[in-house]
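Remember, it's a predicted structure, so these values are computed and weren't measured experimentally.
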Amino acid sequence: MKKVLASVFALALLLLVAPVANAASVSITVSEPSHREIDGAFIDDELTALLSYGGRLGQLVFNPPRGSRTWFIDPQLIEEVTAMTSEYVLVGGEKGVGEDVAKNWLNQLTAITRGEQINALPFGSPSAYWISKLSPTKSEFYLSYGAKRLTALLNRQVNQLPDYPKTTYPKLNNSTITAYKKAQQVLALNSAYMTEVEVEKFQGQSASVLHPRLESNTRTILTLDLLSSSYALSQKIRLAPGRFTVTSTKQKLPITLVNDFPNPAKISIRVETLNGKVLVGSVPDQVVSGKSKVQAMIPVEVVTSGQSTLVVKIYSEKNKQLGNPKFYPVTLKVISPIATWVTTGGAIVLFISALIQSFRRIKKKRERVADE
């Protein structure tokens, strides 16, 4: 009898434990290509439908698979959904309509993942292949930044992946490759003048164009935005436009240096001219504080009246050119001592030449008379 009871007890215990032991391990990936430009404007409102109960992203949190779940979440998506929870605008100024949907989705995500393991995907889920080709030194950045941002956004500890998920890589056209490379060059050149947050944000968002599932038309939009944003970043340290009229032989012409970055910048200035009508002296290096502007003076000396152009370039402490050269038209309304000296010298030469010619004619005439 005791053996029978023991067998029944063991069978009952086995039946009770079996569902737990056999609970399937389930991996859930929550990722979506970016729907925003770098400045934060949404290029469309498609996330509203995706986040709703019946949408692809909605089903992941409102009706997730049963089992022992492990979540793989892209922090860039969470950033975009978080941005939707207050008033947001689309490109063109139209207001977004997904505020309530975004709030419900985030609340459900927080509730359903409580007590479950979350792994942070690389920020923006860029293609591992293209990151390794275009910026291999940044591979670790997207992994660590993904974990950093997701921890802050969800306000809980998450795991950092040791490597990128295995995915097929997209075929990229030359414009997308060029845009990403240009963004890296501009960031490397200007990062010293930016805050750490600004550097990380631009670096992270620049990889949106490398998402494997990005549709071609959306990739084109984001590529153009990346080029535009890179150009805007490159112009934050710049020369203000201007033109000059010079009425004195020697004069100093003021040019304005602008620094829209938060950190100070030490700038060297080099000036050339498009013709020889004006000579240019050297300009001392300038230190421009963050969010400010300074005026530098270019010493010039007029050679002759007319029109000329100053070509001004600015360089960083590492001797790297910042921004584009600035062209300053110059009107020269003065006869300089140099020009006077040249003119007088020319007149003297002509006068001496005339005297020599006269002397020769007189000599020849005398020689003819003597012969007769």
Hey, are the side chains of Pro299 and Val283 touching, using non-hydrogen atoms and a 4.5 Å cut-off?
yes
For Ser228 and Asp225, what are the C-alpha separation, side-chain angles and deciding distance, and is it a side-chain hydrogen bond (donor to acceptor under 3.5 Å, both in side chains)?
CA-CA 5 Å; Ser228 175; Asp225 175 61; 5.4 Å; no
Can you name the nearest heavy-atom pair linking Leu214 to Ser208, along with the distance?
CD2-O, 3.6 Å
Residue list, side-chain contact (heavy atoms from CB on, under 4.5 Å) with Asp45, at least two apart or on another chain:
Thr48, Met84, Tyr88, Leu90, Val97
Linked hydrophobic residues, Tyr315 as query - side chain contacts closer than 4.5 Å:
none
What are the two closest non-hydrogen atoms of Ile28 and Pro64, and how far apart are they?
CD1-CB, 4.1 Å
Walk me through it: do Ser191 and Phe202 pass the test side chain to side chain contact (heavy atoms under 4.5 Å, CB included)?
CA-CA 10 Å; Ser191 59; Phe202 190 87; over 6 Å; no
Quick one: are Ile269 and Leu239 in side-chain contact, heavy atoms under 4.5 Å?
no
So the salt bridge (Lys or Arg N to Asp or Glu O under 4.0 Å) pairs with at least one residue in residues 228-238 (sequence neighbours excluded) are Arg238-Asp260
How does the hydrophobic cluster around Val258 look, that is, which other residues are in it when side-chain heavy atoms under 4.5 Å mark a link?
none
Going by atom types alone, do Ser139 and Tyr164 pair a side-chain donor with an acceptor below 3.5 Å?
no
Run the salt bridge (charged side-chain N to carboxylate O under 4.0 Å, His left out) test against Lys293 and tell me which residues pass, sequence neighbours left out.
none
Can any side-chain N or O of Ser229 pair as donor or acceptor with the backbone N or O of Leu226 at less than 3.5 Å?
no
Counting only heavy atoms not in Asn174 (residues, nucleotides, ligands), do more than 12 fall under 6.0 Å from its CG?
no
Exercise answer: donor-acceptor pairs, residues 51-58 side-chain atoms, under 3.5 Å, sequence neighbours excluded:
from  : atom 1 : to    : atom 2 : distance (Å)
Ser52 : OG     : Ala49 : O      : 2.7
Arg56 : NH2    : Glu32 : OE1    : 2.2

Apply side-chain hydrogen bond (donor to acceptor under 3.5 Å, both in side chains) to Ser125 and Ser31, showing your working.
CA-CA 7 Å; Ser125 298; Ser31 179; 3.2 Å; yes
Evaluate the side-chain proximity of His211 to Gln76: yes if any heavy-atom separation is below 4.5 Å, no if none is.
no
Is there a donor in the side chain of Gln286 and an acceptor in the side chain of Gln295, or the other way round, less than 3.5 Å apart?
no
Which pairs with one or both residues in residues 138-147 pass salt bridge (Lys or Arg N to Asp or Glu O under 4.0 Å), sequence neighbours excluded?
none
Do the side chain of Glu215 and the main chain of Arg213 share a donor and acceptor less than 3.5 angstrom apart?
no
Would the distance check show the side chain of Asn259 and the main-chain N or O of Ser289 forming a donor-acceptor pair, the cut-off being under 3.5 Å?
yes
Least distance between heavy atoms, Ile237 atom then Ala265 atom:
CD1-CB, 3.7 Å
Could you tell me if the side chain of Val278 sits less than 4.5 Å from the side chain of Val330, heavy atoms only?
no
Could you grab the distance from atom CG of Leu253 to atom CZ of Arg243, nearest 0.5 Å is fine?
13.0 Å
In terms of hydrophobic clustering (I, L, V, M, F, W, Y; side-chain heavy atoms under 4.5 Å; direct or indirect links), are Phe244 and Val302 co-clustered?
yes
With salt bridge (Lys or Arg N to Asp or Glu O under 4.0 Å) as the rule and sequence neighbours excluded, what pairs involving residues 114-132 come up?
Arg69-Glu116
Approximate separation, where rounding is to 0.5 Å, of His35 NE2 and Leu47 CG:
4.0 Å
Search all heavy atoms of Ser34 against all heavy atoms of Leu222 and return the closest pair with its distance.
O-CD1, 4.0 Å
Does Lys266 have more than 12 heavy atoms from other residues, nucleotides or ligands lying within 6.0 Å of its NZ?
no
Shortest non-hydrogen contact between Ala192 and Asn263, atoms and distance
O-ND2, 3.4 Å
With sequence neighbours left out, write down each residue that passes side-chain hydrogen bond (donor to acceptor under 3.5 Å, both in side chains) with Lys252, or none if nothing qualifies.
none
Can Tyr231 be reached from Tyr180 by stepping across I, L, V, M, F, W or Y side chains whose heavy atoms are under 4.5 Å apart?
no
For Asn119, what residues pass the side-chain contact (heavy atoms from CB on, under 4.5 Å) criterion, not counting sequence neighbours?
Thr70, Phe72, Gln117, Asn159, Leu161
Is any side-chain heavy atom of Ile112 less than 4.5 Å from a side-chain heavy atom of Trp71?
yes
Rounded to the nearest 0.5 Å, the CD1 atom of Ile221 sits from the CD1 atom of Ile43 at a distance of 5.0 Å
Roughly how far, to the nearest 0.5 Å, is OG1 of Thr176 from CH2 of Trp130?
9.5 Å
Between Thr85 (side chain only) and Val81 (backbone N and O only), is there a donor and an acceptor less than 3.5 Å apart?
no
Tell me, please, which residues at least two apart from Ser132 pass side-chain contact (heavy atoms from CB on, under 4.5 Å).
none
Evaluate the side-chain proximity of Ser234 to Leu189: yes if any heavy-atom separation is below 4.5 Å, no if none is.
no
Are Val209 and Leu172 close enough, and set up right, to give a side chain to side chain contact (heavy atoms under 4.5 Å, CB included), and what steps lead you there?
CA-CA 9 Å; Val209 297; Leu172 301 182; over 6 Å; no
Close side-chain approach of Pro165 to Pro122, heavy-atom, < 4.5 Å:
yes
Tell me, please, which residues at least two apart from Glu79 pass salt bridge (charged side-chain N to carboxylate O under 4.0 Å, His left out).
Arg149
Are the side chain of Gln108 and the backbone of Val61 linked by a donor-acceptor contact shorter than 3.5 Å?
yes
Group every Ile, Leu, Val, Met, Phe, Trp and Tyr by side-chain heavy-atom contacts under 4.5 Å, then state whether Val101 and Leu109 land in the same group.
yes
For Lys103, does the NZ atom sit with more than 12 other heavy atoms under 6.0 Å from it, leaving out its own atoms?
yes
Say whether, by atom type as modelled, one donor and one acceptor occur between the side chain of Ser305 and the main chain of Val334 under 3.5 angstrom.
yes
Tyr129, OH: over 12 other non-hydrogen atoms inside 6.0 angstrom
yes
For atom CG of Asn155, decide whether the heavy atoms of other residues, nucleotides or ligands shown that lie under 6.0 angstrom number more than 12.
no
Tell me whether Leu153 is reachable from Phe123 by hopping between hydrophobic residues (I, L, V, M, F, W, Y) whose side-chain heavy atoms are closer than 4.5 Å.
no
Measuring from Thr223:OG1 to Leu210:CG, what's the distance to the nearest 0.5 Å?
8.5 Å
Got a second to check how far Arg156's CZ is from Leu150's CG, nearest 0.5 Å?
8.5 Å
Taking all atoms of both residues into account, what is the closest heavy-atom pair of Pro262 and Tyr193, and its distance?
CD-O, 3.3 Å
In terms of hydrophobic clustering (I, L, V, M, F, W, Y; side-chain heavy atoms under 4.5 Å; direct or indirect links), are Tyr145 and Val199 co-clustered?
yes
Kindly say whether Asn275 contributes a backbone atom to a donor-acceptor pair with the side chain of Thr273 at under 3.5 angstrom?
yes
